[in-house]
Each structure stands twice: as C-alpha cells, then as structure tokens.
2 protein chains.
Amino acid sequence: MTRYSRQTRMLVAVDCIIFGFDGQDLKLLLIKRGFEPEKGKWSLMGGFVQADEDLEQAAARTLTKLTGLEGVYMEQLTAFGSPDRDPMERTLSVAYFALIDINQYKQQITDEYKAEWFPLKEAPKLIFDHANMVAEAQARLRYKAAIHPLLFELLPTRFTIPQLQILFEAVYDAGFDKRNFSRKVLSTGLLVKQKEKERATSKRGAFYYKLDKRKYSAKFHAFLNFVSDPGNLK
Amino acid sequence: MTRYSRQTRMLVAVDCIIFGFDGQDLKLLLIKRGFEPEKGKWSLMGGFVQADEDLEQAAARTLTKLTGLEGVYMEQLTAFGSPDRDPMERTLSVAYFALIDINQYKQQITDEYKAEWFPLKEAPKLIFDHANMVAEAQARLRYKAAIHPLLFELLPTRFTIPQLQILFEAVYDAGFDKRNFSRKVLSTGLLVKQKEKERATSKRGAFYYKLDKRKYSAKFHAFLNFVSDPGNLK
DNA sequence: AACTTTAAATGTCATTTTTACAATTATATT
DNA sequence: AATATAATTGTAAAAATGACATTTAAAGTT
C-alpha cells in the first residue's frame, strides 16, 4: 500500500490535566518543562504519541511517568488543534483529565522536570494553550461531578461525609447545607458506613465511609444529581 | 526554530457523524467513499485537516461540502487514535457529530461520492472504525438530549409537540406519556405557541411551536431533565 | 465528676417535581 | 348530524427538594 499523497502530517501529543484534593483545596499538578521551546516554564504533563500507541495508552503512560500511579481515573477531554498552538511545529494535542488521590502521589525520581501541586486558583501562567485546557477541564469536572459520582476518585478509600462536602464545596466554590448534602449523598446508596471514626478534626469524630464498589460501577453513569444547578451557584 | 526530533508525525482527519430526522426515524448521512483504500464502501463524511485549519474549521468545511449547509450544530465527539485504524498509514481522526434539519439538506452536486440517508438501525457496514464512531455519537446524543434542549436542532423552525415527542421516542427507542411529555417540554419555557396548526397528520391539527431564541441560547447548557433515566428505558 | 466546647448527626415541614392515569375537545369525514 | 381520530388538558398520590434547629458524642477544662 502507498500513502495518502499531498497531505499535512503533524505531531500528536497528549496533555494531562491532573486534579488532586488535599482535604481543603482542589489542586493541579504541573511540571517545569524540560525541553525547548519554553523550557523551564510551567506546563501540563504531556508527551508525544508514539508510533505503536493509541491515545489512551499514551495518556496513561504520561500519567504514570509523572505520578508513579496506575489505574487512575482518566477520560479524554477534547482535542486541541489550532494550527499555531505550538510555535515549534504543528502539534495536535489530545487532552485528558485525571483525578487522583493526592495522598497516593509519589513524586517520580527524575531530573527531566520538577512537579508541583498548585491550588487551582493560584496556578501560574502556563505555556501554549494549557490554560485553556485547564479551564475546560475544570468546567468538565464541575459538569460531570454534578450528575455522576466522580469526585470520590479524589478521595482515599476511607473518607467522611464532612470531608466529601468540603471537596464538593471546593469544586463548586460554594457552600452547601450540611443536612441536605448528607441526605443526598447517602440516598445514592453508594456509601457503606464503617465502624471506625476519623478523630483528627473534631472531638466527636466523624464516621468513615467506603464506596460500595458494586453499586459504584453500576451507577457511575447514572444521573444522580449531586448538585442541582451547578451553572447557577452561590 | 527547529523541529521536535525523532517523533512520529501522522495524518489528522475529521469525520462527521451527521444525524437527521425525517419525522419518523433518526437517520444517518453516509457517503460512498471516493478514493482508496476502501473506495466504494460506505463511510462517514470526512477529510484531512489542512495545514492552515483548526479542527472546527475542518469539520465545518467537511460538513458544508457534503450538505451545502452552514451554521449547523456540531460538537466534537472524541478523538480516535488506534495505531492501525487506517490500514494505509497512521491517521488520527477527530470525530464531530452534527444535527441537521433534514429538510434543509440538499445533496451536493459532486461526483466524488454518493450520499444517502440511512435509518440508524439499518445502517450498512462501515469502513475502519466508523461504526464505533456512530455508536459513540448515538450514546452522546442520548446522553445530552436527556438533559439539554438539543434535539430541536433536528427539527424545522416550526414544529408541533407530537412531532417533538416522536423525535424523542425515536432517539430513545422508547415510548413516553403524552401528558407528562408535553408538560415537561412546555415547563422549560423555551417554546412559543404559534397561531397556525399543522394539518397534515390529524383532523384536529396540532399547534405549531417555535423556539424562543433568547431563552434557548440562555438555557442551552442548563440541566433541564427531558428524560429522567435514559440509561434505564424500555 | 461535672461542665464546657466543638463539630457530627439527625428531623421536620412546606414546596416543588414527578409519576401514573382518563376525560374532553377540535375538526375532517361519513 | 353522527362518527372517527388525534390533540389537548387535568388530577391526585408519591417522591424529591429546600429551608431551617436541635440533639449528641467525646475531648478538654474546671
């Protein structure tokens, strides 16, 4: 077989928008880029798609390289393809966003780049169109988390209802009523109450919960209505 | 500036999943592919992204070339990037799905390919991974149309409630209660009742409605809940 | 041991939304 | 004038939501 004639070939990259939650703020994992152009500037973690890889593989490889983690929640955000988004040469980027339990994160032993967590609101200036990617990823996160049980991916296996609420409030930059929030969350039937309590934050202590894995996978794509009108909060 | 060294460059294409509605069935616009490989086989309308184009431009150009239509509703579905999805050479495809008013469609005067509408259920075998693209597009359509006022894009400017209901029933392959359906639709406040009736289908005739354009754009991204549990229908 | 403090957990009521289900109306045709 | 057909409208029970306050567990203090 021959090739398609007279067509433009271009580089294809993946870039990962990696969200984490430290118990207080929603955070973004960024790196100092290790090569030209824009070497030393803050950037999303990315890499070129290799000849034998599909996009998911490239994204998973990139994520693992930075965090050491595997089996992380990740989904394709969208493809960014402005002709001049990379000044060096035309590069299409397929953006993926990932949600990780920040406590499981272990900085990779490498000198290629330095990685750092930034509160989403205090992220530095980013190269290329990466700020757009982050903005779109945040919008997607808010969208999906309002109707699907997504944010659990940001928490450890055991978590308390108050911790979960703080997470939701960080994501939506809004406050929720304690009573209604816990009722809503518990009514999904996804949570299993544990015997132990978390005792660090309060005198009384809050019961830990775990996800019911069966129900979680079954209802992951169902419409669960965690946040009523996410476009119209505060 | 130099170029990134030792990386694989590849072709980037766009493919359009074009949905239409003829008043009865949800349909898909397909073409007979005009060049090798797989010349003469049924395929989605697509084309290569040009050197000076971004992805949206390429998709819009492709759609206009086939349908003669501009300003059509279109959104990026996802990027498909298996290394061997095109046997000729590695080609990434960014899929877009489009919703058009089938009545406005005018077959383009061209010999490059023949285009034809197929009921979604009776679509022929497609080349490459195009069947996957269609399946994903249908899933996305069902997903979005359940919570956003999307399906209006498939109807003419004037339409009746019964017509709208037939469309929803075609999309979800399910039946809905007439009374609840019309109440739900009217409660969005998006519809403006017209004075004229549609008289072809029934003796009594059904009133035409039009979209309130202001409210439509304002509420396009709001959560409107047209279909309660689309994942769990008949 | 009793008291204080702090955050977790739980309860109620009014309102809105959803669901299930049936009767009435407009108009062309007979 | 009667009939047939599809459009339109109504209603009551159940479920979900939103606004709001009190009780409870446990550590720390007196």
Side-chain angles (χ1 to χ4, degrees), chain A residues 23-24 146-147 149 155 158-169 172 174-210 219 222-234, chain B residues 23-24 146-147 149 155 158-169 172 174-210 219 222-234:
Chain A
Q24 213 57 44
I147 47 183
L155 293 173
R158 297 195 311 172
F159 54 87
T160 68
I161 307 280
Q163 285 170 356
L164 184 63
Q165 180 164 356
I166 292 171
L167 171 54
F168 269 87
E169 293 180 338
Y172 293 99
F176 299 101
D177 181 89
K178 271 194 296 188
R179 297 154 285 190
N180 294 338
F181 180 82
S182 80
R183 185 182 34 178
K184 202 170 242 188
V185 168
L186 291 173
S187 75
T188 63
L190 297 176
L191 301 190
V192 183
K193 195 172 189 171
Q194 304 301 114
K195 289 172 185 170
E196 303 78 39
K197 282 185 169 182
E198 190 274 330
R199 305 204 161 276
T201 4
S202 77
K203 292 169 183 172
R204 179 172 176 177
F207 280 103
Y208 280 116
Y209 286 82
K210 283 187 181 177
K219 291 193 177 179
F223 287 69
L224 288 180
N225 218 31
F226 287 94
V227 180
S228 50
D229 191 357
N232 195 28
L233 285 176
K234 272 193 185 176
Chain B
Q24 211 57 45
I147 47 183
L155 294 172
R158 296 195 311 172
F159 55 87
T160 68
I161 307 281
Q163 285 170 355
L164 184 63
Q165 180 164 357
I166 292 170
L167 171 54
F168 269 86
E169 293 180 337
Y172 293 98
F176 299 102
D177 182 89
K178 274 193 295 188
R179 295 155 285 190
N180 294 338
F181 180 82
S182 79
R183 180 154 37 88
K184 201 170 242 188
V185 167
L186 292 172
S187 74
T188 63
L190 297 176
L191 301 190
V192 184
K193 195 172 190 171
Q194 303 301 112
K195 289 172 184 169
E196 303 79 40
K197 280 184 170 182
E198 190 274 332
R199 303 202 164 277
T201 359
S202 77
K203 292 169 182 171
R204 179 171 176 177
F207 280 104
Y208 280 116
Y209 286 82
K210 283 186 180 177
K219 290 193 178 178
F223 287 69
L224 289 179
N225 218 31
F226 287 94
V227 180
S228 50
D229 191 357
N232 197 27
L233 288 175
K234 292 180 197 174

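Residue numbering restarts at 1 for every chain, and letters A, B, ... go by the order of the sequence lines.
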Rounded to whole angstrom units, what separation is found between the CZ atom of Phe176(A) and the C1' atom of dA8(C)? 19 Å
Kindly say if Thr160(B) contacts the phosphate of dA7(D), meaning a side-chain N or O under 4.0 Å from OP1 or OP2. no
Kindly say if Lys203(A) contacts the phosphate of dT4(C), meaning a side-chain N or O under 4.0 Å from OP1 or OP2. no
Starting from C1' on dT19(C), measure out to CG on Asn225(B) and report it in whole angstrom. 13 Å
Could you tell me the separation between the CD atom of Gln165(B) and the P atom of dT8(D), rounded to a whole number of Å? 11 Å
Here the ring-ring contact (aromatic ring centres under 6.0 Å, His included) pairs for residues 184-203 of chain A, sequence neighbours left out, are none
CG of Leu224(B) versus P of dT17(C): gap in Å, rounded? 12 Å
On DNA chain C, check which nucleotide each of Lys197(B) and Tyr209(A) is closest to and give me the residue with the more 5' one. Tyr209(A)
Using only atom types and a distance under 3.5 Å, with no angle test, would you say the side chain of Gln165(B) pairs donor to acceptor with the backbone of Phe176(B)? yes
Take the protein atom CZ of Phe226(B) and the nucleotide atom C1' of dT17(C), then report the distance between them rounded to whole Å. 15 Å
Using heavy-atom distances to pick each residue's nearest nucleotide on DNA chain C, tell me which of Lys178(B) and Arg179(A) is more 5'. Arg179(A)
With a sphere of 6.0 Å drawn around NZ of Lys197(A), does it hold more than 12 non-hydrogen atoms of other residues, nucleotides or ligands? yes
Protein-nucleotide distance (Tyr208(A), atom OH; dA25(D), atom C1'), rounded to Å: 17 Å
Rounded to the Å, how far apart are Arg204(A) CZ and dT10(C) P? 8 Å
Counting C-beta onward and ignoring hydrogens, is there a side-chain heavy-atom pair between Ile161(B) and Leu191(B) closer than 4.5 Å? yes
Applying a 4.0 Å non-hydrogen cut-off, can you work out what Asp177(A) is touching in the nucleic acid: base, sugar-phosphate, or nothing? base
Name all residues meeting the side-chain contact (heavy atoms from CB on, under 4.5 Å) criterion together with Ser187(A); count only those two or more places apart in sequence or in a different chain, and write none if there are none. none
Within residues 180-192 of chain A, the residues having a heavy atom closer than 4.0 Å to DNA chain D are Asn180(A), Arg183(A), Lys184(A)
When you measure from the side chain of Lys219(B) to the backbone N and O of Thr188(B), does any donor-acceptor pair fall under 3.5 Å? yes
Atom CD of Glu198(B) and atom P of dA6(D): how far apart are they, to the nearest Å? 12 Å
